[in-house]
Asker: 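Have a look at the structure that comes next, please.
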Amino acid sequence: MKTFITMISIFILFQPNLFAQETKDQCYNCHSALGDKVSTGFQNDIHFQKGISCAACHGGNSRSDDMSVSMSKSSGFKGIPKGNQKSESCIVCHSNSDMMSKYGSKLVTNQNELLSRSVHGKSSIKSNENIIQCIDCHSVHGILPKTHRRSSVNPINIPKTCSKCHGSAVFMRLYNPSLPVDQNEKYLTSQHGILNKRGDSKVAECASCHGSHDILSASDVRSKVHPVNLPHTCSKCHSDAKYMKGYKIPTNQFERFAKSVHGKALLEKKDASAPACNSCHGNHGAIPPGIESISKVCGSCHALNAELFSVSPHKKIFDEQKIPECESCHGNHYIETATNKLLGVSSEAVCSKCHTENKNVKGYKVARTMRYLIDSLDSASKYADSLINSAEQRGMEVSDAKFKLRDANQAKLEAKTMVHSFDEEKFKEVVEGKGLAVTNFVIVEGKAAFDNYFFRRYGLVIFILIITFLSIVLYLYIKKLDKKYLKT
Amino acid sequence: MNDKGHLPEERRTFLKYLIGGGLIGFAGSVLYPLFAFLKPPKQADVEVTSASAGKLSEFEKGTGKIVRFGNKPLLVIRMPNGEVKAFSATCTHFDCTVQYKKDLEIIWCACHNGKYDLNGKNIAGPPPRPLDEYRVVMKGDEILISKKA
Amino acid sequence: MKNFWNKIYDWFNSRLDLQDVVGFIGKKYVPVHRHSVWYYFGGVSLFLFIIQVITGILLLFYYKGSSDLAFESIQFIMSKVEFGWLIRSIHSWAANLFILAAFIHMFSVYFSRAYRKPREITWLTGMLMFFLALAFGFSGYLLPWNELAFFATKVGTDIMTAIPFIGTPIMEFMRGGEDVTGATLSRLFGFHVALFPGIFTVLLAVHLILVQRQGMSVPIDMENIPADEKKTMPFFPNFLLRDLLLWLLVLNVLAILAVFFPAHLGEKADMFAPSPEGIKPEWYFLFMFQTLKYIPAQVLFIDGEILGILLFGAAGLLWTLVPFWDRRSAKGQSSRFVTYLGLFAVIFIIVFTIVGWLA
């Protein structure tokens with residue numbers, strides 16, 4: 001019995017036109033009787049299920065089964081739409097909210113408006129036609145809702161849909177030869193891509209970041225993937241704890257990033273040269289950098305620090321002990337401006353995490369010395385600065401010394417970089433040889449300026465005393481002479 | 001000169017001594033600054049801060065040096081082909097002092113790996129603007145720099 | 001001690017026959033009356049001029065007059081040369097005090113009609129020196145080649161172009177070209193340290209010789225006082241020592257000013273920068289500058305600026321020629337018109353200087 005039912009079911013399932021009911025749509029009736037591929041596909045189309053006829057897009061009279069009537073020009077038959085006509089049929093309903101609610105749809109109706117302003121809404125290489133028509137992504141005669149597993153715009157299928165054009169070098173050459181075409185390849189190596197391939201529709205795919213109808217170039221400041229906007233785009237999922245449940249990764253990255261020196265530069269100062277999420281994680285091949293390669297990633301901007309670290313004693317030890325480079329001391333998302341506090345052996349210093357009085361003592365001593373040196377450079381520089389400024393306030397000429405102070409600031413920066421060599425000698429060279437040499441010079445000049453300031457005033461007092469004395473004496477002499485020479 | 005008056009001798013002499021002393025003090029307080037002024041100062045001559053970048057014959061090819069121009073540092077480069085160029089040495093990103101990298105044929109900023117080509121144009125890294133170029137004029141063997149035209 | 005000086009005198013006297021000169025000086029008398037305090041201002045002006053020459057020559061040891069070194073050389077003087085700040089500040093302050101003293105001296109001579117016969121030439125040389133003093137001020141002001149000076153010179157020489165026909169050639173002569181450049185600096189430097197001092201010295205010599213030969217003038221109402229009631233004082237030593245005492249006090253004032261208000265330097269001139277707002281000339285030109293601002297752009301058919309300049313030119317000429325058109329003073333009478341004109345001039349200058357300063 002079971003076998004019989006199975007066989008009957010299989011027989012029924014495989015009947016080609018079994019689902020070809022008799023509908024009010026004469027176009028469909030005729031074409032499906034002919035067994036053409038289009039109408040077969042159309043059976044699965046959501047429009048068919050909603051009772052929309054072929055004529056809705058192709059024009060013509062769907063109530064007549066007489067071809068000369070239903071497919072006549074006078075009845076509005078358009079045939080196979082060409083160019084932008086292809087999308088016009090969609091726009092007629094899908095941009096009309098009344099129409100949409102008539103069919104009980106809660107879909108938005110601004111797709112075409114967005115598309116016309118997007119990068120895809122521009123003219124294609126053919127005249128009078130946009131680059132993209134609705135059916136290019138949504139397919140035709142088999143359009144399924146996004147949530148349907150086989151829909152071409154279901155998250156699981158989107159990478160394939162987009163790659164149809166964006167993965168073809170030959171095609172992309174026609175529009176933007178410098179645009180890469182390996183995004184999908186990279187995507188498949190990323191965590192998003194791996195999960196997406198497994199059928200996870202929650203992870204990010206092309207449309208999650210780039211948008212769907214409103215795609216703009218990444219260099220467009222309005223684009224969701226412009227560096228200044230990118231962190232917000234990523235955090236839409238990654239900061240949503242409920243959404244991210246089950247993925248077992250933290251959801252506080254954006255919050256921490258926004259407080260960091262990189263975040264402030266990017267999000268508050270709108271400095272597009274500051275790193276966004278993709279700068280360190282990659283965009284299509286997004287995966288957090290591996291432990292051994294963190295310094296190379298950070299080093300793409302912080303080149304000197306990375307270089308020094310790579311040849312320092314820390315590199316080998318960090319790799320052996322699987323300690324993440326850069327991040328262990330500076331953090332990953334919440335990277336603060338590096339101050340002297342990070343260096344040294346106090347409880348706040350990162351060195352003390354591994355180096356104590358009893359553990360890794362050699363490094364402990366070096367850290368302590370380095371902190372001491374950099375602190376002394378900082379205070380010397382501050383003192384020199386204030387000395388010169390107050391001398392200048394008092395009207396003394398100190399422009400030479402002021403100019404030299406630039407070198408002191410430069411030395412401070414170089415010292416902070418040189419920390420990453422973890423080499424006491426090299427560090428001393430920068431701090432003492434460059435920094436303190438300059439500050440000492442400037443302090444001497446500043447003090448000389450002050451000395452001169454007071455010298456002038458004391459000198460003046462003495463001069464006034466002499467003049468006053470001479471004036472009085474002279475006056476007395478004049479009075480004496482007057483008595484002698486003047487006739488009263 | 002006529003005779004002095006009929007004042008008692010001591011007062012007359014005392015006044016004269018006072019005048020003499022006062023005059024000597026006065027002369028000293030005026031002449032001392034004058035002579036100190038004429039004494040050559042420690043730095044014998046005013047440093048040409050805003051014009052000269054030194055002598056061409058002493059400027060090795062393929063090197064760069066920082067020169068003071070008023071209150072700003074300039075990077076003066078003698079390129080391998082002999083040409084001399086001058087740029088603002090202040091990086092347009094965060095004000096660090098840039099340097100000439102002969103091997104890479106670029107101007108480089110050590111702070112965040114910013115790179116400029118030898119026309120001063122920012123080509124890589126965070127710098128948002130090119131470096132200002134300054135005019136270099138040769139006066140015999142001397143390199144003179146003036147504000148960009 | 002006295003013998004020593006006598007011996008020196010004898011040595012020179014036997015070769016130069018100085019007796020007459022010395023005798024002459026010994027018999028010079030200075031009138032003493034309620035207005036004789038004004039007599040000192042000529043001497044003060046002279047003293048300040050001498051100060052300028054001395055400090056100016058000292059500065060010449062270190063100043064460099066080319067556009068790429070002028071500013072730096074003054075920075076050098078202010079910071080690296082011992083007492084350079086003092087010499088420069090004194091030079092700067094004494095310039096202002098010199099012009100002020102010259103103004104006062106000139107007006108006191110005017111009001112007391114001292115320009116009347118026989119002292120017309122003294123007045124003319126004095127007026128020429130006065131104009132030269134202003135020229136000294138204008139040319140010297142540019143020499144530090146700082147922002148303020150550069151634009152003040154630009155504006156000042158621009159005004160010249162308002163003079164019809166010869167205005168632009170005059171401006172180009174002053175500037176050494178069409179614009180204010182290093183050539184202007186060299187030129188004004190040459191004027192300031194060579195041409196003007198040379199001419200001034202000649203005028204000064206004439207002026208002083210005349211004063212010595214003619215003696216001090218008395219106000220008109222005191223001319224007719226009987227001889228035995230006329231109070232006088234020997235020029236040497238009484239008046240001279242008073243002069244020297246005053247000079248000592250002026251020097252004192254200069255020192256105080258130099259220490260507490262050292263000369264300003266500011267930023268180096270940048271030929272390509274736009275003019276800063278509110279550029280003003282030095283105070284002694286301010287009244288003219290401000291007046292020009294108030295003249296409407298067009299008066300009848302004449303351009304306002306040209307009118308202003310011509311008016312000032314005419315006023316200056318009129319003032320300079322006062323000995324020749326003030327007939328009454330030649331006859332020994334005070335003309336009320338002259339007094340009122342003088343008062344008007346003084347008040348006008350003071351008011352417009354203050355207005356210009358506050359603007």
Side-chain angles (χ1 to χ4, degrees), chain A residues 261-262 265-266 269-275 279 298-308 399-400 402-407 409-414 416-418 448 455-456 459-485, chain B residues 2-8 11-12 14-30 32-33 36 42-43 46-47 49-50 66-73 89-99 104 108-115 122 124-129:
Chain A
V261 67
H262 294 139
L266 183 66
K269 288 199 230 145
K270 308 279 188 224
D271 180 358
S273 68
S279 315
C298 304
S300 60
C301 291
H302 297 275
L304 215 46
N305 306 44
E307 265 303 303
L308 289 169
S399 55
D400 249 358
K402 212 164 169 209
F403 184 76
K404 282 251 160 39
L405 271 178
R406 265 191 71 96
D407 287 343
N409 283 332
Q410 190 71 9
K412 277 202 284 192
L413 268 164
E414 282 184 37
K416 283 206 184 134
T417 308
M418 192 49 86
F455 170 73
R456 293 185 190 186
L460 179 68
V461 167
I462 294 175
F463 184 72
I464 291 178
L465 286 174
I466 294 176
I467 291 238
T468 312
F469 173 74
L470 188 59
S471 308
I472 294 173
V473 168
L474 197 57
Y475 179 70
L476 292 173
Y477 188 59
I478 289 173
K479 275 272 160 296
K480 189 186 93 173
L481 287 182
D482 279 353
K483 275 207 198 96
K484 188 175 154 208
Y485 289 102
Chain B
N2 297 328
D3 248 352
K4 285 282 184 283
H6 314 295
L7 283 160
R11 222 167 71 174
R12 203 177 66 214
F14 181 59
L15 197 58
K16 275 228 203 104
Y17 275 128
L18 285 182
I19 293 181
L23 279 174
I24 290 175
F26 175 70
S29 64
V30 167
Y32 168 64
K42 268 181 255 118
Q43 181 196 314
V46 50
E47 248 162 25
T49 58
S50 72
I66 299 288
V67 159
R68 182 173 168 192
F69 188 84
N71 280 329
K72 294 190 279 254
T90 311
C91 184
T92 55
H93 180 224
F94 274 156
D95 283 356
C96 296
T97 304
V98 300
Q99 51 190 280
L104 300 172
W108 184 59
C109 181
C111 288
H112 299 98
N113 207 15
K115 298 188 179 135
N122 46 323
R129 281 186 318 278

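Per chain, numbering begins at 1; letters A, B, ... match sequence-line order.
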Asker: Top residue by heavy-atom pair count (under 4.5 Å) with chain A, among B:G125, B:P126, B:A110, B:P128?
Answerer: B:P126

Asker: Show the nearest heavy-atom pair for residues A:R406 and B:D95, with the distance to one decimal.
Answerer: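 Looking at all heavy atoms of both residues, the closest pair is NH2-O, 3.7 Å.
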
Asker: For A:K402, look at atom NZ and say whether over 12 heavy atoms of other residues, nucleotides or ligands are found less than 6.0 Å away.
Answerer: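 Open.
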
Asker: So which atom in B:V30 and which in A:F463 form the shortest heavy-atom distance, rounded to 0.1 Å?
Answerer: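 For B:V30 versus A:F463, the nearest heavy atoms are CG2-CE1, 4.1 Å.
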
Asker: Do you know which two heavy atoms are closest between B:K72 and A:F403, and how far apart they sit?
Answerer: C-CE1, 3.6 Å

Asker: So with a 6.0 Å cut-off around NZ of A:K479, is the heavy-atom count from everything else above 12?
Answerer: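 Yes, the 6.0 Å shell around NZ holds more than 12 heavy atoms from other groups.
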
Asker: Is B:P127 close to chain A through its backbone or its side chain, or both, or neither, when contacts mean heavy atoms under 4.5 Å?
Answerer: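 Contact with chain A is absent: no heavy atom of B:P127 under 4.5 Å.
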
Asker: Given that the side chain runs from C-beta out, which part of A:S399 has a heavy atom under 4.5 Å from chain B: side chain, backbone, both or neither?
Answerer: both

Asker: Taking all heavy atoms of A:L413 and all of B:C96, pick out the closest pair and write down the distance.
Answerer: CD1-SG, 3.5 Å

Asker: How far does OG1 of B:T97 sit from CG of A:N409, to the nearest 0.5 angstrom?
Answerer: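 The distance works out to 9.0 Å.
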
Asker: How long is the span from the SG atom in B:C111 to the NZ atom in A:K416, to the nearest 0.5 Å?
Answerer: 10.5 Å

Asker: Identify which part of A:D271 has an atom lying under 4.5 Å from any heavy atom of chain B, answering side chain, backbone, both or neither.
Answerer: side chain

Asker: So if I apply the side chain to side chain contact (heavy atoms under 4.5 Å, CB included) rule between B:L23 and each of A:L470, A:I466, A:L474, which one comes out positive?
Answerer: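 Exactly one candidate clears the test, A:L470.
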
Asker: Could you grab the distance from atom CH2 of B:W108 to atom CG of A:L304, nearest 0.5 Å is fine?
Answerer: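 So the CH2 of B:W108 and the CG of A:L304 are separated by 4.5 Å.
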
Asker: Which atoms of A:S471 are under 4.5 Å from chain B, going by heavy atoms: the side chain, the backbone, both sets, or neither?
Answerer: neither

Asker: Within a 6.0 Å radius of atom CD on A:E307, are there more than 12 heavy atoms belonging to other residues, nucleotides or ligands?
Answerer: no

Asker: If you tally heavy-atom pairs under 4.5 Å against chain B, which of A:A272, A:C301, A:A274 wins?
Answerer: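 Result: the option with the highest number of such pairs is A:C301.
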
